[in-house]
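In what follows, chains are A, B, ... by sequence order, proteins preceding strands, each numbered from 1.
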2 protein chains.
Amino acid sequence: MQTHKPRITLKDIAQNVGVHPSTVSRVLNPDTRKMVTKRIADRVIHASEQLGYRPNTFAQSLRTNRSYTVGVMVPDLTNPAFGPIIKGIDNVLEQSGYSVIVANTDNVLEKEKRSVDKFHERQVDGLIIATARRLDDVVITCLEEGTPFVLVVRSTIEKGVNSVVSDEIVGGQMIVSHLAQLGHKKIAYVAGPQFLSTGFERYQGYLQGLKNAGLELDEDLVAIGDAFTEAEGRQAASTINANKKPFTAIVAANDLMALGCYDELITKGLKCPDDVSVVGYDDMPFTRHFNPPLTTVHTPLLDVGMQAARILLERIWKPEQPAHALKLQPHLIVRGSTGIPSSFSETGTKATN
Amino acid sequence: MQTHKPRITLKDIAQNVGVHPSTVSRVLNPDTRKMVTKRIADRVIHASEQLGYRPNTFAQSLRTNRSYTVGVMVPDLTNPAFGPIIKGIDNVLEQSGYSVIVANTDNVLEKEKRSVDKFHERQVDGLIIATARRLDDVVITCLEEGTPFVLVVRSTIEKGVNSVVSDEIVGGQMIVSHLAQLGHKKIAYVAGPQFLSTGFERYQGYLQGLKNAGLELDEDLVAIGDAFTEAEGRQAASTINANKKPFTAIVAANDLMALGCYDELITKGLKCPDDVSVVGYDDMPFTRHFNPPLTTVHTPLLDVGMQAARILLERIWKPEQPAHALKLQPHLIVRGSTGIPSSFSETGTKATN
DNA sequence: ACAACTTGTGCAAACGTTTGCAGCCCTTTG
DNA sequence: CAAAGGGCTGCAAACGTTTGCACAAGTTGT
């Protein structure tokens, strides 16, 4: 019996009640309900739920040009950091009757363009973008098209775009400060891609942090990964190791890369934190269960999603409002992966105090 | 200048080329292109990309009743197991021009119903459901409505529904078998919700596994959690502990609950695997980084998503086909959380061999 | 050369809403 | 009591497609 039951339309209800479809429409639309007599309205409502009426969103959207739909573009769904963000987004949007369409771009530009095209085709009312590069054509296009959108996690160099990000520079500084306080002098850095704001600004924070602590930058202790992945993190840590300069701590541009560092340390027979401290960034789920539990910078991912959704709704509602760039304060979480440097007697550290 | 550029329609192209809109439509639709002269078709195509035509999906869907959209319903986006699944789904669907709408239900029935309603309203062409209970009204409704859908991860007791799941019973057996081989006799079980197929069948697998190994079930070594969460896992482990019966291993219904067990062991001062072995289920991302690395049953989550998407497409394409219940073979991954039981001298183990 | 096809294109209806306008009736007011 | 006004409701057009049908022109067969 998989005969699709025929869809109930406004006309059906109208016929049932004995009024014109437009009247039914007015009743069912909250904004216009007051236009029609209570008596009739009640009968219409009754009939509508009696018959199990479901509005046809296509017809609605076709007529009104609003889809009650927003697009969410993320670089990698397997990165557990994005689950909470999407959940936050979905939470607030679904309460306002919006549905979220997700697209996974695997960090490839081509896919991003396709997705954003698709989104336009589907006439999404707004976009939430977690894939932005510091210089990003896609973002610029969106800006020109006038589509409301908000960036999350990653921002661009453009001013005047809506965004919800963590204050990466401060976060980077906090990490170095923490390590310096523990007594670390030689702090290596496994950087993320510099064309992403996260990669770039966290690195800037590291540099600033060194300066604040009165430490010198040693370029041999820095390696840049091409992606925010375990593999790249490990690779970067490996190149730093190959430079044969001593170091007692290594800060990674995000938690995934930190995990890569863990791996590299293990293969080199180094213990964390006894031989070298490691710190990550993001505080993605379950970092506290890692071995050792990862010291990292917490970003309230769920909040990022929720705030982004709220800002987006505001912009959809009144598009002419000035942009809202929300910068959340990061928060260092000290766990077991950082400790007092093993020995101050390492070669290369001349000045101790 | 955020003046939305006016949408190009079929009529615009028609005017530009000097033909009727319907002709343009036929040209732009692959199925009907052959109906029109090549010469005209070329001019239409040229004009179409010249003007930057984007079809209006609402109008299309309104006319054809196909939305090229599928709904995906998951219980908890912060559970890292679902990221890969959704990614798999998105990967294959977007290649066929479908977009995926996600909904997070937080395991609450009310939200599930709302979501599925929403999906119907939006006329999704199909559904992928990861929230099914063993007895599930929502699923039954979908069945009656005739909406193509496929269950993932969790199945129902109904026969004849499309699904992609892991063979939970076999998985459960593999775990016990592994532990028995190591010499464990007293194996505790932290069960998941029994109204979910995963919770139920994994437990059945455990029971069967005990039988296979010639071990007795001790009900004091079993506790059932109300949800697949760390907190519930810990709680369950705690009640088992409170029973004061000795055990050397504890198998949890999924990785999250296993993490809860880790916590409980730590607070009780027990070492894993030295004092008690722990095993999980799912092999969600990063389990190998846990402390200790978690022995678990691997389910190819990405594949689950991709297969589900493929099956769904088939059903959308030819709905009358018989249901396809795909059962993926699980795969035990032995890591550091399981080992030889600490001592055979524990009270209560009389028979050794 | 005429019928019978085939091929290509235009016409118009339909999908289910929303919404400006017109008109009705009923109330208010001078 | 007539005119004016206000509240409700119906009418019809419009949103941008798709598609069955009709029809014109060209092709084939006897």
Side-chain angles (χ1 to χ4, degrees), chain A residues 4-45 47-48 51-69 97 120-125, chain B residues 4-45 47-48 51-69 97 120-125:
Chain A
H4 286 244
K5 45 187 75 171
R7 204 170 231 288
I8 304 292
T9 74
L10 287 184
K11 207 189 296 182
D12 296 325
I13 301 182
Q15 240 150 18
N16 184 297
V17 176
V19 295
H20 194 269
S22 63
T23 303
V24 179
S25 169
R26 284 189 263 255
V27 171
L28 266 25
N29 190 325
D31 297 339
T32 48
R33 173 165 310 174
K34 54 184 186 234
M35 288 183 180
V36 23
T37 322
K38 179 121 181 29
R39 232 183 68 78
I40 297 196
D42 286 346
R43 285 170 51 209
V44 166
I45 290 175
S48 125
L51 300 177
Y53 171 72
R54 295 270 147 233
N56 183 320
T57 48
F58 301 139
Q60 288 182 141
S61 296
L62 178 59
R63 190 49 228 259
T64 62
N65 268 325
R66 318 194 79 235
S67 63
Y68 282 88
T69 277
H120 266 128
E121 236 173 64
R122 294 206 180 274
Q123 304 248 147
V124 296
D125 294 338
Chain B
H4 287 244
K5 44 187 78 169
R7 204 169 232 289
I8 305 292
T9 74
L10 289 184
K11 206 188 295 181
D12 296 325
I13 301 182
Q15 238 151 19
N16 185 298
V17 176
V19 295
H20 195 269
S22 63
T23 304
V24 179
S25 169
R26 284 188 263 256
V27 171
L28 266 25
N29 189 325
D31 298 338
T32 49
R33 173 167 309 174
K34 56 185 182 228
M35 289 181 179
V36 22
T37 321
K38 178 124 181 32
R39 232 183 67 75
I40 295 197
D42 286 345
R43 286 170 51 209
V44 166
I45 290 175
S48 126
L51 299 177
Y53 171 72
R54 295 271 147 230
N56 182 322
T57 48
F58 301 139
Q60 288 183 138
S61 296
L62 178 59
R63 189 52 228 259
T64 61
N65 269 325
R66 317 194 80 236
S67 63
Y68 282 87
T69 277
H120 267 126
E121 239 172 62
R122 295 208 179 274
Q123 303 248 146
V124 296
D125 293 339

K.L.:
Quick one: which of B/Ile13, B/Asn16, B/Leu10, B/Val36 gives a side chain to side chain contact (heavy atoms under 4.5 Å, CB included) with B/Val44?
P.N.:
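With B/Val44 as partner, B/Ile13, B/Asn16, B/Leu10, B/Val36 yield a single side chain to side chain contact (heavy atoms under 4.5 Å, CB included), made by B/Ile13.
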
K.L.:
Whole angstroms only, please: what is the CZ-P distance between B/Phe58 and D/dG16?
P.N.:
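It is 12 Å, rounded to the nearest whole Å.
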
K.L.:
Determine, stepwise, if the pair B/Tyr53 / B/Val24 fulfils side-chain contact (heavy atoms from CB on, under 4.5 Å).
P.N.:
CA-CA 11 Å; B/Tyr53 171 72; B/Val24 179; over 6 Å; no

K.L.:
How many whole angstroms separate atom CG of A/Asn56 from atom C1' of D/dC15?
P.N.:
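Checked: the CG to C1' distance equals 13 Å.
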
K.L.:
Expressed as a whole number of angstroms, how long is the span from A/Arg33:CZ to C/dT19:C1'?
P.N.:
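Roughly 18 Å, once rounded to whole Å.
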
K.L.:
Can you see which heavy atom on B/Ser61 is nearest to which on B/Ser67, and at what distance?
P.N.:
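Closest approach of B/Ser61 to B/Ser67: OG-CA, 3.5 Å.
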
K.L.:
Does the B/Thr57 side chain pair with the main chain of A/Glu121, one donor and one acceptor, at a distance under 3.5 Å?
P.N.:
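Yes.
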
K.L.:
Nearest whole angstrom, please: distance from the P of C/dC15 to the CG of B/Leu10.
P.N.:
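Taking atom P of C/dC15 as the reference, CG of B/Leu10 is at 19 Å.
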
K.L.:
Please report the distance, rounded to the nearest Å, between CD in A/Gln15 and P in C/dG16.
P.N.:
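Checked: the CD to P distance equals 13 Å.
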
K.L.:
Let me know the distance between CG of B/Leu28 and P of D/dG16, rounded to the nearest Å.
P.N.:
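Between P of D/dG16 and CG of B/Leu28: 16 Å.
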
K.L.:
Rounded off to whole Å, could you give me the CZ-to-P distance for the A/Arg66 and D/dC15 pair?
P.N.:
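That distance rounds to 19 Å.
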
K.L.:
Using a heavy-atom cut-off of 4.0 Å across all strands, would you classify B/Thr9 as base, sugar-phosphate, or nothing?
P.N.:
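It contacts sugar-phosphate atoms only.
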
K.L.:
If you look at every strand shown and take non-hydrogen atoms under 4.0 Å, does B/Ser25 touch a base, only sugar-phosphate, or nothing?
P.N.:
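Base contact.
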
K.L.:
Hey, are the side chains of B/Val19 and B/Arg43 touching, using non-hydrogen atoms and a 4.5 Å cut-off?
P.N.:
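Not in contact.
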
K.L.:
In chain order, what residues pass the side-chain hydrogen bond (donor to acceptor under 3.5 Å, both in side chains) check against A/Lys38, with sequence neighbours excluded?
P.N.:
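A/Lys38 satisfies side-chain hydrogen bond (donor to acceptor under 3.5 Å, both in side chains) with A/Asp42 once adjacent residues are dropped.
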
K.L.:
Please report, rounded to the nearest Å, how far the P atom of C/dG16 is from the CZ atom of A/Arg7.
P.N.:
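In whole Å, C/dG16 P lies 8 Å from A/Arg7 CZ.
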
K.L.:
Which atom pairs link the protein and nucleotides 6-9 of chain D when you take only N or O atoms and keep those under 3.5 Å?
P.N.:
| from | atom 1 | to | atom 2 | distance (Å) |
| --- | --- | --- | --- | --- |
| D/dC8 | O3' | A/Thr37 | OG1 | 2.6 |
| D/dT9 | OP1 | A/Thr37 | OG1 | 2.7 |
| D/dT9 | OP2 | A/Thr37 | N | 2.8 |
| D/dT9 | OP2 | A/Thr37 | OG1 | 3.1 |

